[in-house]
Structure formats: structure tokens, C-alpha cells
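Notes follow once the structure below has been shown.
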Amino acid sequence: MRISSDPEMMIIRNLLHDLGMTENRVGFYYIEEAVRLALNDSTRLLWVTKRLYPETARKFQTSWRTVERGIRYCIEKVWENDPERLQKVLGIRIEEKPVPAVFLSLLCAHLQREGCSVGADL
């Protein structure tokens with residue numbers, strides 16, 4: 001897996017690290033790519049299983065279900081380890097563990113509030 005040194009991708013990667021995620025799980029890369037795609041076109045968040053996951057899956061030559069499972073697993077680990085950390089990093093109150101589509105949406109919204117803009121199809 002090639003790790004991009006693009007500044008925008010580094011911003012996404014740093015956010016995931018702030019949440020306690022590490023690159024030893026493939027879901028980390030699925031989340032990174034899905035967030036990049038969603039920042040390029042926010043309508044992808046409306047169609048996660050029809051657009052966002054399949055587009056992410058194509059990059060990694062896997063199925064959209066594998067992408068969703070990898071993302072779900074990473075969310076589970078973040079939530080198990082320190083749910084308050086998720087709330088602190090994103091700056092919002094979260095009552096229950098978010099589902100993957102909501103999690104990706106929260107990450108995108110946070111990055112947009114922070115002024116992150118990812119160029120078209122890096």
C-alpha cells in the first residue's frame with residue numbers, strides 16, 4: 001500500500017492518528033480514502049453503499065462490503081479504547097458509537113470546519 005505524502009492526505013492521516021487509529025489496520029486506509037473522496041464530492045456521503053464504498057473498494061481491489069467492515073472495525077476500536085477522545089477531537093458530543101456513514105460524515109465536517117480542502121481526485 002502506497003502512503004501518500006500529499007499535504008491534504010497528511011491532514012486526514014493526522015486526524016485519524018489523533019483519534020487513536022494506526023496504519024496496522026486496513027480500515028485506516030479505507031477511511032482515509034473514503035474521506036478524501038467525500039471531501040472532493042460531498043454527495044458521495046448520500047450514497048455510501050452505492051458510490052463511496054465501491055469507489056474506495058476499486059482503489060484497493062476489494063469489495064464494498066470489505067471496505068465497510070474495515071471501517072466499522074476501526075470505529076469499534078476507537079469507541080472501545082476512548083469514546084471521549086473521539087468527542088474531544090471532533091469537538092462534538094456523541095452519545096453512541098457512530099455507524100460508518102455517520103463517522104465518515106463527522107470526519108468530513110470536522111475537516112471542513114478546520115479549513116481542509118482536498119483537491120479534485122488527488
Grab the two heavy atoms, one from P98 and one from I75, that are nearest each other, plus how far apart they are.
O-CG2, 3.4 Å
For I31 versus C74, what's the shortest heavy-atom pair and its separation?
CD1-CB, 3.7 Å
Output the rest of the hydrophobic cluster of W47: all Ile, Leu, Val, Met, Phe, Trp and Tyr residues reachable through side-chain heavy-atom contacts under 4.5 Å, sorted by chain and number.
L46
Distance in Å, E32 CD paired with I11 CD1, rounded so as to fall on 0.5 Å steps
12.0 Å
To the nearest 0.5 Å, atom CG of L107 lies from atom CD1 of I12 at 9.0 Å
Is there a path of hydrophobic side-chain contacts, each under 4.5 Å between heavy atoms, that joins V35 and Y73?
no
Qualifying residues under side-chain contact (heavy atoms from CB on, under 4.5 Å), relative to T22, sequence neighbours excluded
N24
side-chain contact (heavy atoms from CB on, under 4.5 Å) against S105, all qualifying residues, sequence neighbours excluded:
L45
Nearest-0.5 Å distance that lies between atom CE in M21 and atom CZ in R25
10.5 Å
Using the test salt bridge (charged side-chain N to carboxylate O under 4.0 Å, His left out), find all partners of D82 that sit at least two apart in sequence or belong to another chain.
none
Min side-chain heavy-atom separation E114-H110 under 4.5 Å:
yes
Student check: side-chain heavy atoms of R51 and T43 closer than 4.5 Å
yes
Do M9 and I71 belong to the same hydrophobic cluster, where Ile, Leu, Val, Met, Phe, Trp and Tyr are linked whenever their side-chain heavy atoms lie under 4.5 Å apart, directly or via other members?
yes
From L37 atom CG to E55 atom CD, the distance as rounded to the nearest 0.5 Å
5.5 Å
For A34 and L52, which heavy atoms make the closest approach, and how far apart are they?
O-CD1, 3.5 Å
Honestly curious: do L111 and L106 fall in one hydrophobic cluster under the side-chain, below-4.5 Å linking rule?
yes
Rounding to 0.5 Å, atoms OH (Y30) and CZ (F60) come to a distance of 7.0 Å
Spatial distance of atom CH2 (W64) from atom CZ (R69) [nearest 0.5 Å]
10.0 Å
For residues 83-94, dump all side-chain donor-acceptor pairs below 3.5 Å to protein atoms at least two apart in sequence or in another chain.
from: R85; atom 1: NE; to: D18; atom 2: O; distance (Å): 2.8
from: R85; atom 1: NH2; to: D18; atom 2: O; distance (Å): 3.3
from: Q87; atom 1: OE1; to: I94; atom 2: N; distance (Å): 3.0
from: R93; atom 1: NE; to: E95; atom 2: OE2; distance (Å): 2.8
from: R93; atom 1: NH2; to: E95; atom 2: OE2; distance (Å): 3.4

Partners meeting side chain to side chain donor-acceptor pair (under 3.5 Å) with S63 (sequence neighbours left out):
T66
Sequence-distant partners of A57, side-chain contact (heavy atoms from CB on, under 4.5 Å), two or more places apart:
T62, V67
Mind checking salt bridge (charged side-chain N to carboxylate O under 4.0 Å, His left out) for E33 and listing every partner two or more places apart, or none if nothing turns up?
R36, K59
side-chain contact (heavy atoms from CB on, under 4.5 Å) partners of V99, counting only residues at least two apart:
V102
Results of side chain to side chain donor-acceptor pair (under 3.5 Å) for H17 - residues two or more places apart only:
E23
Can you sort out the partners of K97 under side chain to side chain donor-acceptor pair (under 3.5 Å), two or more places apart, ordered by chain and number?
E76
Taking only residues two or more places apart in sequence or in another chain, which ones pass salt bridge (charged side-chain N to carboxylate O under 4.0 Å, His left out) with K77?
E80
Residue pair Y53 / L104, side-chain heavy-atom distance below 4.5 Å:
yes
